[in-house]
Structure formats: C-alpha cells, structure tokens
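Protein chains get the first letters and strands the later ones, always in sequence-line order, with residue 1 at the start of each.
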Number of protein chains: 4
Amino acid sequence: MIELRSDNTAGVAPEILAAVQAANTGSALAYGGDDLTAHLHEVVHEVFDHPTARVFPVTSGTAANSLSISASTPPWGAVLCHGSAHIITAEGGATSLLGGGAVMQGVPGDHALIDPGHLRTALESVRWGDPHESQPSVLSLTLPSDFGTIYQPDEIAALSAIARERGLRVHLDGARLANAVAALGCAPADVTWRAGVDVVSLGATKNGALSAEAIIVFDDRIADELVYRTKRSGHVTSKMRFQSAQVTAYLTDGLWLRLASTSNLRMAELAAGLEPLASYGVRLAERVDVNMAFVELPEPAIDALVDDGLLFYRMSPTSIRLVTSWQTTADEVAEATQRFRASVGAPA
Amino acid sequence: MIELRSDNTAGVAPEILAAVQAANTGSALAYGGDDLTAHLHEVVHEVFDHPTARVFPVTSGTAANSLSISASTPPWGAVLCHGSAHIITAEGGATSLLGGGAVMQGVPGDHALIDPGHLRTALESVRWGDPHESQPSVLSLTLPSDFGTIYQPDEIAALSAIARERGLRVHLDGARLANAVAALGCAPADVTWRAGVDVVSLGATKNGALSAEAIIVFDDRIADELVYRTKRSGHVTSKMRFQSAQVTAYLTDGLWLRLASTSNLRMAELAAGLEPLASYGVRLAERVDVNMAFVELPEPAIDALVDDGLLFYRMSPTSIRLVTSWQTTADEVAEATQRFRASVGAPA
Amino acid sequence: MIELRSDNTAGVAPEILAAVQAANTGSALAYGGDDLTAHLHEVVHEVFDHPTARVFPVTSGTAANSLSISASTPPWGAVLCHGSAHIITAEGGATSLLGGGAVMQGVPGDHALIDPGHLRTALESVRWGDPHESQPSVLSLTLPSDFGTIYQPDEIAALSAIARERGLRVHLDGARLANAVAALGCAPADVTWRAGVDVVSLGATKNGALSAEAIIVFDDRIADELVYRTKRSGHVTSKMRFQSAQVTAYLTDGLWLRLASTSNLRMAELAAGLEPLASYGVRLAERVDVNMAFVELPEPAIDALVDDGLLFYRMSPTSIRLVTSWQTTADEVAEATQRFRASVGAPA
Amino acid sequence: MIELRSDNTAGVAPEILAAVQAANTGSALAYGGDDLTAHLHEVVHEVFDHPTARVFPVTSGTAANSLSISASTPPWGAVLCHGSAHIITAEGGATSLLGGGAVMQGVPGDHALIDPGHLRTALESVRWGDPHESQPSVLSLTLPSDFGTIYQPDEIAALSAIARERGLRVHLDGARLANAVAALGCAPADVTWRAGVDVVSLGATKNGALSAEAIIVFDDRIADELVYRTKRSGHVTSKMRFQSAQVTAYLTDGLWLRLASTSNLRMAELAAGLEPLASYGVRLAERVDVNMAFVELPEPAIDALVDDGLLFYRMSPTSIRLVTSWQTTADEVAEATQRFRASVGAPA
C-alpha cells in the first residue's frame with residue numbers, strides 16, 4: 001500500500017508527540033488558563049512577526065474556518081470565496097450555521113484562485129446597503145487552494161486591498177499554510193497580515209499534529225468575539241494545554257516548514273516522474289505548487305493502480321487526486337512512479 | 001500547591017497516553033473511517049451491553065451536550081434540566097445555538113437533582129401543541145450533578161418514564177459518568193439505556209484523557225442526525241483515530257472506573273477529615289457522592305487556605321468547592337486536611 | 001356572548017380602516033420607500049418627542065420583540081426579563097431563534113414587575129467576560145406586564161440605570177403600551193427614551209389596528225442592524241404603506257390613547273363591579289392597572305359563567321383572566337357584572 | 001408618471017379591500033382560530049382540488065419562501081434553485097437564517113428556468129450521506145421565474161420527478177403564481193401537487209392584496225412543522241382573519257386569475273408595441289410569458305424615458321425591466337409605447 005489519499009491520513013510527528021508528553025506534568029488551569037497556552041501566544045508573535053496577534057487553538061479545520069468567519073461577518077453577510085473553496089464544498093454548511101445564516105458566494109478564477117477582476121466585478125455589482133441582497137462582508141482566500149495552487153504574496157495583497165476598500169474583512173484558510181509558506185519561501189507575515197489578512201485558520205493536523213489547529217487573529221474585534229464563539233460552539237477544550245503544546249512544537253524551530261517541505265518535495269518528485277508520461281495519456285490537470293496533484297489518465301490505468309494497492313482519490317473515471325504528506329518517503333514516490341509507468345504500459 | 005480546583009486540571013493517565021502513541025502507526029483514513037474508531041464501537045457495545053449503540057468521539061463536553069441535545073429536539077423545543085445544570089450555567093448558550101434556538105427550562109429539586117413531582121407538574125402545565133409555548137422535547141439529566149450528587153438507577157428510570165410518557169427524549173450529561181458508575185457500583189447500562197436514556201455525553205477528559213469525550217447513542221434517529229451535526233459544527237476531527245484510541249483505552253479493562261474510584265476515594269477521605277470540624281464552623285453544604293465537595297467555613301479560614309497554597313474555587317466569601325481527580329494522592333488529602341484544621345484553629 | 005378573552009379578538013378602529021382605504025391611491029414604492037412610511041417617521045418624532053427615532057413597521061408583536069432584541073444583543077448574550085414576560089412564555093422561543101441562540105433569564109419581582117434589588121443581584125453575580133456564562137446584554141421590560149400591571153416612569157428609569165451601568169441595552173415590550181401611557185397620563189417619552197429605553201415594541205393591533213406593530217428605535221446602531229434583520233426574517237412587507245398608514249392613524253390626534261382609555265375604563269368599571277363580591281369568594285388576584293384582570297372565584301361559578309356565554313381565559317380551575325378592548329361597551333360590562341353576581345349567588 | 005417598476009407598487013383591488021371591511025365585524029379568536037381562516041382552508045381545497053391541503057397566511061413573500069423551505073429541509077440540507085431565484089438574490093439570506101444554516105445552490109438553465117439535465121447532473125455528483133457535503137434536500141422552482149418566464153406543467157413534473165427520486169422535497173415560489181396559471185390556462189393543481197410540488201408560496205400582495213401571502217402545503221409533515229416555525233419567527237398575525245379574508249377574496253370566483261390576466265395582457269400589448277422597434281435598437285432580452293419584460297435599448301433612449309417620467313428599473317446602462325400590474329391601463333400602455341418610439345426616434 002502506498003498512501004496518497006490525503007495528508008490527513010498521516011501520523012503524528014515525533015516532535016509533536018514528545019511535546020504532548022512533556023506537557024503532561026503537574027496540574028494546569030483548564031480552558032486555556034495554563035502557561036503553555038500563554039507561551040503559544042509568544043511563539044505566534046515571533047513566527048508571525050506581530051506583537052499582538054491572538055491565538056485560539058481548536059481541534060478541526062472546519063471549526064477554525066467557520067468560527068473565524070462567524071466572528072468577521074454579520075449574520076446578513078456574504079462570504080466571498082472561490083467556488084472550489086473547502087468552506088463551500090466540504091464543511092457541510094458550517095459557515096452558514098455558525099455565521100447565523102450568512103451565505104457563501106463563489107468568485108471565479110483560474111487554477112482555483114480568485115481572479116482580481118472578477119472580485120472587483122462582484123463587489124461593484126452589489127446593491128450596498130440594500131437588505132434584499134446579502135452584503136459581502138468577508139473575503140476568504142484559501143492558501144494553498146483545494147487544488148494545490150498558491151497565490152503569491154502580492155496577489156493576496158491585491159485581493160485584500162480590493163476587499164478592504166469595500167469594508168470586507170479578509171480570512172485566510174490555511175489548512176495547509178505551511179506547504180504554501182515553504183513553497184513560497186516567504187515570511188508567514190507576507191501572506192497574512194502584511195498582505196491585509198485579518199484572521200487565519202492555521203492547519204497543523206494534516207502536517208504532523210495530533211489534533212490541533214489554531215485560529216490566529218490580527219484584529220482584536222474578531223478575537224474579542226472568538227472568546228465567546230469558540231466556547232459556545234464547544235471549541236474550547238478543557239485541557240487546552242495539550243493543543244497548545246502541539247501548536248507550539250509545530251511552530252518552533254521551523255518544524256512546520258520542514259515537515260511541509262518534505263511533503264512538497266515528495267510531490268515535486270512524483271510530478272517529475274509523471275510528466276514524461278504525457279504521450280501515454282498521463283496529464284497533470286493542474287499546476288503542482290505544493291503537495292497535491294490532479295492527474296488525468298486512462299480509465300484502465302486508474303483501475304490497474306487501484307488493484308495495485310496505490311491509495312488515492314478518484315475524482316472521475318479518468319482523473320485522480322494525489323497528496324503526499326510529511327511521512328511520504330522517496331522510496332514510496334519511486335515505487336508509485338513505477339506503478340504509474342506500468343499502468344500505462346510505459347517501459348520501467 | 002495542592003490542586004483541588006477541578007478534575008480537569010489533572011494530566012493524562014499513562015494508559016491513555018500509551019494508547020495515543022500506539023495509534024501513531026501507519027496511515028489511516030480520516031474523519032472516523034479508521035479501524036480504531038470501528039473498534040471503539042465494539043468496546044462501547046460491550047461496556048454498555050448494547051449491541052447497536054453508536055459512538056461519536058468529540059473533543060469537549062460542551063460539544064457532546066449541545067450536539068446530543070440538538071439531535072434530540074426540534075428547534076422549537078424546550079430542554080428540561082435542573083436549574084444548576086452545566087448546559088444552563090456554564091456552556092455559554094451552546095444548546096440554544098446548536099439547537100437552532102431551542103430553550104432551556106429549569107426544573108427544581110433538592111441536591112441539584114430533579115424532583116419527579118416537579119417534573120410531572122412542569123409537563124402537566126404545558127399547552128401541548130400550542131406554538132406560543134416552547135414544547136418540552138428533551139429531559140437532560142446530569143450524572144453526577146454539578147454539585148457532585150447522584151441519582152440512583154431507579155430514580156433515573158422514574159424520571160425518564162415521566163418524560164417519555166410525553167414523548168420527550170432523555171439525555172444524560174455524563175461529564176463525570178465514571179465517578180457516578182463507580183460510586184453506584186452498577187452496570188453502565190443501568191444508568192443509561194436500561195433507565196430510559198437515549199443519548200449520553202460520556203466524559204473522559206476530566207478523568208484522565210487527553211482531549212476526548214464521546215457521544216453514545218442508543219437511538220438511531222439521533223445518531224443519523226449526529227453524522228451531519230457533528231461535521232457542520234466542526235466536531236469531526238480529521239485524525240479521529242487519536243480520539244478513538246483514547247476513549248477505547250479509557251473504557252478497556254475498567255480503566256475509567258479505576259481512575260474514578262481513586263478520585264471518589266480521595267474525596268471521601270477528605271470529607272471524612274472535614275466532618276469532625278463542624279464545631280469549628282466547617283460544614284459540608286452538600287452530600288458528597290463522588291469526587292466533589294461544597295464546604296462552608298469562616299471567611300478568614302478560606303483566606304488562610306488560599307495563602308497557604310491550597311487551590312480551589314471560592315463560590316462566595318464563606319463557601320468553596322473542592323474537587324479531587326485520579327491524580328490526587330492520599331498524601332495530598334492528608335496534607336489538605338491538616339491545612340483545614342489549621343485554618344480554623346483545630347489541633348493538628 | 002360577551003368577549004373578554006383578549007383585546008386581540010377585537011376589530012379594527014374606523015379611523016384606522018379609513019386610513020388604509022385612503023392609502024390605496026396611486027402607486028408607491030415597495031418595502032418602505034413610500035411617502036406614508038416617510039411621514040410615519042415624522043409622526044413618531046413628534047409623539048415620542050425625539051427627533052431621530054427610527055420606525056420599522058412589522059405585522060406581529062413577536063416579530064417586534066424578537067427583532068428588537070436580536071439587534072441589541074450578541075448571540076452569546078442573555079436577555080433579562082421577568083419570568084412572566086411574553087418573550088419567555090408565549091413566543092415559542094422567537095428571541096432565541098432570531099437572536100442566534102441568545103438565552104432568556106427570568107428576574108423575579110412582585111406583580112409581574114422586575115424588582116430592582118433582584119436585578120442588581122443578578123448582575124452582580126455574573127462572571128463578566130467569562131464565556132462559559134451567557135453574558136447579560138439586554139434588559140427587557142414589559143409595559144404593561146403580562147399580568148396587566150405597570151411600572152411608574154421613575155421605576156423604569158431606575159431599572160434602566162442599573163442595567164446600563166453594566167452595558168446592557170434596554171428594550172420595552174409595549175404590546176399594550178397605549179394602555180400604560182393612558183393609565184399613567186405621562187408623555188410617551190417618559191416611559192421610553194427619557195427613562196433609558198433604547199428600543200420599543202409598540203403594539204397597535206390589540207388596540208385597534210388591522211395588522212400593524214412598530215419597532216421604535218432610539219439608538220442608531222440598533223436601527224442599522226434592523227434594516228437587515230427585518231428583511232431577512234421576512235418582516236419587511238412589500239406594500240408597507242398600508243402598515244405605515246395604520247400606525248400613523250393610530251398615533252395621530254391621540255387615537256391610540258383614546259382607544260386605550262376606553263378599554264382601561266371598561267376594565268376599571270368591571271373591577272369595581274367585582275370588588276363587592278369578595279364575600280362570595282370573588283377576588284382580584286392582581287392589581288388592575290390597565291385593561292386586564294385576574295380573578296379567583298369558585299369553580300362552579302366559573303363553570304356557570306362559561307355556560308352563560310361569557311368569553312374569557314381560564315388559568316386554573318379557580319382563576320380566570322379578563323381583558324377588555326377598545327370595543328368593549330359599558331352595557332357589556334354591566335351585563336358581565338350581573339353574570340358574575342349571578343354565578344356566585346349574589347343578589348342582582 | 002407611468003408606473004412600470006414593479007407590480008408591488010400597485011394598490012389593493014376593490015374586492016379585497018371590501019373583504020377586509022366585511023371581516024371587521026364582531027370579535028374573533030386570534031392567531032388563526034377564527035372562522036374566516038377555517039373557511040380559507042375550504043377555499044384552498046376547492047381551488048387547488050386537494051382535500052387536505054393546509055394554509056398558513058403570512059405577510060411577506062420572503063416569509064412564505066423561507067418558512068416553507070425551512071420546514072422541508074434539515075439544517076444540513078442544500079436547497080437547489082436557479083441561480084437567478086429570488087431566494088438567492090433578493091431575500092437577504094432568509095432561507096439560511098430560518099433554515100438553521102441550510103445553504104442554497106444554483107442550478108443553471110436558459111431563460112431563468114432550471115434545466116433537467118443540469119439538475120440530474122447536480123444530483124448525480126453528490127456524495128450522498130457524506131456530511132462534508134451539504135445534502136440536497138429541496139428543489140425550489142420559481143413560477144414565473146424572476147425573469148418572467150414560465151415552466152409548462154409537464155416541465156415542472158419532470159423536474160420534480162428527478163428531485164423526488166433522490167428524496168428531495170419540492171417547493172414552488174409562486175410570488176406571481178396567478179400570472180403563470182393565467183398564462184398557462186391550466187388548473188392550479190397542474191403546476192403544484194399534481195406536478196409533484198409539496199409546498200407553495202402563493203403570492204397575493206403583488207396582484208392586488210393589501211398584505212397577504214399564503215403558504216399552501218400538500219404534505220402534513222411540512223405543515224406540522226410550520227405550526228411552530230411560523231409562530232417563532234413572528235409570522236402568525238394575531239388578527240389573522242384579516243389576512244385570511246384577503247386570500248379568500250383573492251381565490252374566490254377567479255379574482256386572482258382575472259387580475260393576473262389583466263397584467264399579463266398589458267405586458268403582451270406593451271411587448272407587441274416594442275417588437276417593431278428592433279431596427280431602432282430596442283430588443284426584448286427575454287421571453288415575455290407573463291407581466292414582465294426585459295428590454296435592451298440605447299443608453300440615450302433610456303435616459304430620455306427617465307426624463308419623460310416613465311418609471312422602471314434600470315438593470316444596466318442599456319437594459320431595463322418593465323412590469324405591469326392589475327392596475328395598469330390600456331391607455332398607459334399606449335402612452336408608454338409612444339414614449340419608447342419617441343425615445344429612439346421612431347415615427348409616432
């Protein structure tokens with residue numbers, strides 16, 4: 001079995017598990033009143049180069065997204081995001097539930113990235129102040145997108161600027177933020193607050209944590225609401241120190257970026273192995289910016305790969321999604337590449 | 001420092017941490033599609049002696065309660081519970097949020113336990129079918145109560161019977177269920193489905209887990225809703241195997257009851273040490289059935305205990321709450337007892 | 001048949017029906033963009049002696065209450081009101097629904113009126129800023145109360161002051177406000193904004209309108225939210241001019257107070273007729289401040305009154321509620337009094 | 001001024017105003033417990049040829065739509081409708097609010113009508129039972145559409161059949177249902193329950209009522225929920241008899257269809273007057289099936305029409321929307337036609 005279904009099938013990085021164990025000492029106030037959670041704030045200040053950012057550890061990406069957005073929009077707001085965004089396609093309407101009936105509206109763009117022109121058009125056509133129309137209130141960007149593509153820092157800044165001109169807040173769904181930051185080689189601040197982002201869903205679980213995500217907030221008004229919104233949605237864990245310990249370890253000494261670099265590298269290797277197979281009908285259907293690839297190939301080849309024990313998601317009869325993780329090895333990539341070659345009858 | 005603030009300040013039991021580590025092997029499908037979550041179902045079937053119970057691991061007690069209830073009531077329902085219940089006093093309105101605007105109504109009773117006569121009266125005075133009035137739809141019992149008192153199995157059965165006669169569902173908030181079951185020496189089924197309970201919030205975190213609670217459901221209609229309700233409130237963790245591993249270890253070989261018996265025992269010892277101090281103004285304000293005690297004592301004595309490094313919650317100038325945990329030691333109890341004696345000037 | 005069930009069983013006052021007919025001329029912009037709605041604002045400014053008050057005509061008292069409050073509280077707020085308040089007992093949880101899961105908490109007091117001492121105590125015991133506890137955010141007063149009793153202007157001011165000190169907004173449920181203002185002989189401002197009230201549910205339907213209530217807002221932040229909240233709950237009628245025409249007629253030339261004075265007078269006459277029957281077991285169970293009376297009398301007497309065609313609500317086997325309206329006549333009161341006398345065997 | 005902005009700018013039909021006046025006699029139980037509301041049920045049974053249909057009078061179309069749908073979907077559902085549907089574009093997110101966070105998803109199709117192939121594709125691509133994805137639960141059809149186009153009865157039946165196969169409920173937004181039924185010359189049942197529709201928002205206000213719409217329900221489970229949902233959203237008027245009287249008059253002796261036939265006829269006349277102007281750049285941008293037309297014409301011509309006192313909505317610099325009502329006269333149409341001719345320089 002070679003695991004390429006999702007990075008959330010991977011296990012826990014040793015450094016993070018060690019941090020959990022290390023946190024298991026003495027007693028500590030519940031609900032975030034502990035020293036490890038206090039320390040996490042300092043770590044975030046440093047990593048994000050922002051002296052007053054506030055952090056809310058939660059245990060799922062859906063929680064991070066829907067809570068972040070609910071604290072950024074009135075209930076009558078509209079959340080603008082790409083039509084492929086996780087918050088529209090894969091969270092069961094969480095944002096509408098926790099947002100008090102807020103709605104989501106897709107904005108088009110190639111490569112699963114919002115096009116600034118389309119965003120501008122969308123905002124220009126709004127009847128502002130007319131209660132018949134849901135009022136755009138949040139721009140939610142996904143970095144990397146659900147198709148594994150990334151915005152450049154200046155692209156984020158440009159989109160944010162368009163949104164902020166109209167009074168929208170800017171949310172970043174960073175379920176795989178580490179992969180994007182590692183790929184961009186930028187500072188975390190460059191794709192967040194320096195680019196106009198108010199609140200970030202920082203993923204950690206897919207990239208080596210046990211069960212920890214974090215909402216990172218650069219706007220106190222959003223954070224002040226999250227104090228209440230996290231609690232009343234059941235998202236304040238009692239022994240929060242164990243979540244905080246995970247996120248702290250994750251962000252310390254660049255662990256998050258090292259783990260992400262590995263998964264990015266593995267996917268780059270895999271993509272490099274697939275590219276020569278174009279004449280056999282194997283085609284990368286999307287840019288490979290981080291640790292995901294969408295591949296089109298003949299139906300019998302996919303069937304053969306399945307029979308062969310390669311694990312992935314089938315998007316259609318002739319297309320699949322591949323995801324590498326921090327645990328994916330070079331050997332696995334080499335072996336997977338061989339199987340792809342075999343599946344389409346290319347010489348080994 | 002002697003920790004008597006809350007059992008959720010305690011750490012993780014070694015068996016549970018070992019289970020988390022053991023779960024960290026290979027890859028596994030996310031969102032509960034893994035073998036450990038499947039196995040957890042079998043463990044619950046055996047422990048609760050119920051072949052079709054379904055389990056939803058979550059990461060907070062507030063999530064377990066509000067989700068359980070939201071799946072048991074229409075949005076126009078009223079949830080009947082004791083006025084001291086956690087769902088009314090300490091969850092920030094989570095049940096009303098996730099219940100779509102359902103309301104909570106207190107039913108009185110001594111010792112923080114609902115009185116069957118009062119429950120009957122409450123139900124008899126309802127204008128059933130009249131939409132002006134919130135329609136009672138769920139009876140939520142807390143075992144043990146927020147004041148550390150417990151119902152006997154036949155008391156639960158009697159209350160459930162009154163409720164079910166009117167079509168209500170019965171929810172059990174078992175944030176500390178292990179402590180009650182250990183104290184009662186009964187089978188888990190005796191205070192749950194055999195006593196008419198439809199859905200249970202099973203606490204584990206306060207009693208030795210890292211971050212894991214579980215909703216245990218005996219009614220498929222509730223469970224069918226929870227599939228969606230857990231996801232869209234952000235309460236389906238992606239690496240659920242690590243929550244399932246915790247709950248499995250917790251329920252295996254009676255660990256949950258051993259841990260709870262320890263905390264119950266420590267509180268019994270502590271209460272036994274306080275009882276002789278009645279003539280010094282130290283009074284147990286409530287029955288001590290499990291691991292909690294509410295104590296009245298002179299204000300200067302409380303001040304002295306605080307100065308002395310005894311950790312507890314002060315409920316008023318002259319009353320405090322004490323809670324022991326699975327980690328509380330006999331030495332700590334002995335030492336705490338000494339400090340109480342000293343605080344009121346009783347001979348050592 | 002003599003109608004004493006409720007004032008909302010009465011018909012439409014001729015002046016109001018005439019206003020509806022008069023409004024039926026030409027075409028007019030929908031959704032409040034018409035001249036009659038603009039004019040209503042001026043009428044409200046004059047009647048309430050407030051130059052910037054804003055008005056939102058709606059078609060039910062439940063809408064007026066739940067929308068007013070939803071615009072005055074965050075979703076994690078608690079609305080403090082008397083335990084007998086309509087918003088708790090008779091609106092099916094509307095405030096929790098439209099308030100995004102906000103909760104309601106009863107504050108005690110005699111005569112269905114909140115006691116300032118109890119209000120103060122309730123606010124002092126809150127753990128402010130602690131998200132586990134619903135945070136009091138709105139004080140909702142009912143004038144007259146659901147038991148027909150009224151606050152004096154200075155009592156409202158005192159309660160408001162206590163609430164505002166803690167940052168609460170103050171809402172007035174004035175489903176029968178005209179009856180209170182008529183009874184008090186005060187200016188409408190005296191029991192509203194001058195007494196610290198931010199937003200009023202002004203009832204008109206019970207007192208002669210066809211289907212019109214109005215939310216009157218003295219705080220722009222609340223009004224700004226209501227623009228959206230009224231629409232998205234379906235409470236912006238398209239031909240609003242017909243609602244606005246009703247409320248305008250109602251408030252013009254003191255019509256509302258004339259109608260209310262009549263119903264108050266009828267009830268005063270009826271109460272005067274019942275008082276001499278004390279020795280026959282007929283007892284007024286509550287003060288009669290406006291157009292409602294709660295009467296205790298022997299069960300057979302109630303049965304006899306029912307058989308006799310007197311229409312009223314039975315609260316228990318031995319108590320009833322009587323309500324007069326603007327349509328109740330002196331003859332009906334005289335006849336009802338006779339029937340009461342006969343029912344208990346008093347000489348005619 | 002010639003009014004062509006919207007049919008909801010028109011007044012009240014004399015028959016309906018007379019019915020309101022006639023209802024103003026004696027006293028009547030509030031909240032729908034009156035004889036007129038009972039009678040309305042019989043009228044609906046006859047007009048819709050359905051012996052058990054239930055009716056809920058409300059006062060806005062947004063209320064009718066959002067309540068109908070909220071009673072037809074679980075909160076985790078997705079409501080499928082055309083992207084141009086009023087519930088998506090013009091109700092401020094009411095369906096998501098009252099539907100507990102349900103989402104809306106657009107299904108494409110020409111002429112603002114859902115294409116059966118696209119509906120089928122949408123339903124086939126759903127991961128049924130997967131809580132990550134909002135589960136399609138309601139098909140909402142708009143008849144006529146927001147662009148004035150209509151489905152044939154067999155087209156509705158075909159779409160309903162596709163939806164019902166997957167367990168969806170079918171809602172019909174009939175804000176202008178009379179116009180469609182009049183245009184189709186069919187029985188009301190043919191485009192509702194006989195075509196697989198479960199619940200209808202029946203508009204009346206745009207077509208001559210004062211403030212009355214009605215939810216007509218053919219499925220008791222939906223109606224049973226509406227009893228509570230209407231009340232707790234503030235949509236049970238206390239003097240409901242005055243709403244019921246309007247809807248009764250509207251549906252009696254074919255008044256609704258007579259009024260609608262007039263507005264349809266006026267638009268047909270107007271469209272006939274515009275068609276010959278094609279060579280002057282005047283183009284009907286959409287089919288004219290009922291009382292609405294979308295017209296493209298040169299920008300200066302639109303400016304001239306505005307200056308000339310013709311009232312309409314401008315959709316873009318070079319396109320406008322025209323709507324006739326039951327009050328539009330033949331003279332107004334003739335005059336409007338002349339102004340169009342003049343605006344583009346065509347000979348009179």
Toward chain D, the part of [X] with a non-hydrogen atom under 4.5 Å:
X        : value
C:Ser211 : side chain
C:Leu17  : side chain
C:Asn24  : side chain
C:Glu213 : neither
C:Ala18  : neither
C:Ala209 : backbone

With distance as the sole criterion, is a donor-acceptor pair present between the side chains of D:Lys206 and C:Ser238 under 3.5 Å?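 Per modelled atom types, D:Lys206 and C:Ser238 side chains form no pair under 3.5 Å.
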Quick one: which of C:Ser96, C:Gly26, C:Ala63, C:Ala10 has the most heavy-atom pairs under 4.5 Å with chain D, could you say? C:Ala10
Assert top hit (heavy-atom pairs under 4.5 Å, partner chain D, pool C:Ser27, C:Ser60, C:Ala64, C:Gly92) equals C:Ser27
Output yes when a side-chain donor or acceptor of C:Lys239 lies under 3.5 Å from a complementary backbone atom of D:Asn8, and no otherwise.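 No.
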Return the option, out of [options], with the maximum number of heavy-atom pairs under 4.5 Å with chain C.
options                                : result
D:Gln327, D:Gln243, D:Met240, D:Arg241 : D:Arg241
D:Lys231, D:Gln21, D:Arg5, D:His235    : D:His235
D:Leu98, D:Thr237, D:Val236, D:Leu210  : D:Leu210

Among D:Thr62, D:Thr95, D:Leu97, exactly one meets side-chain contact (heavy atoms from CB on, under 4.5 Å) together with C:Arg232. Which residue is that? D:Leu97
Checking D:Thr59 against chain C: side chain, backbone, both or neither under 4.5 Å from a heavy atom?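 Contact with chain C: backbone and side chain both.
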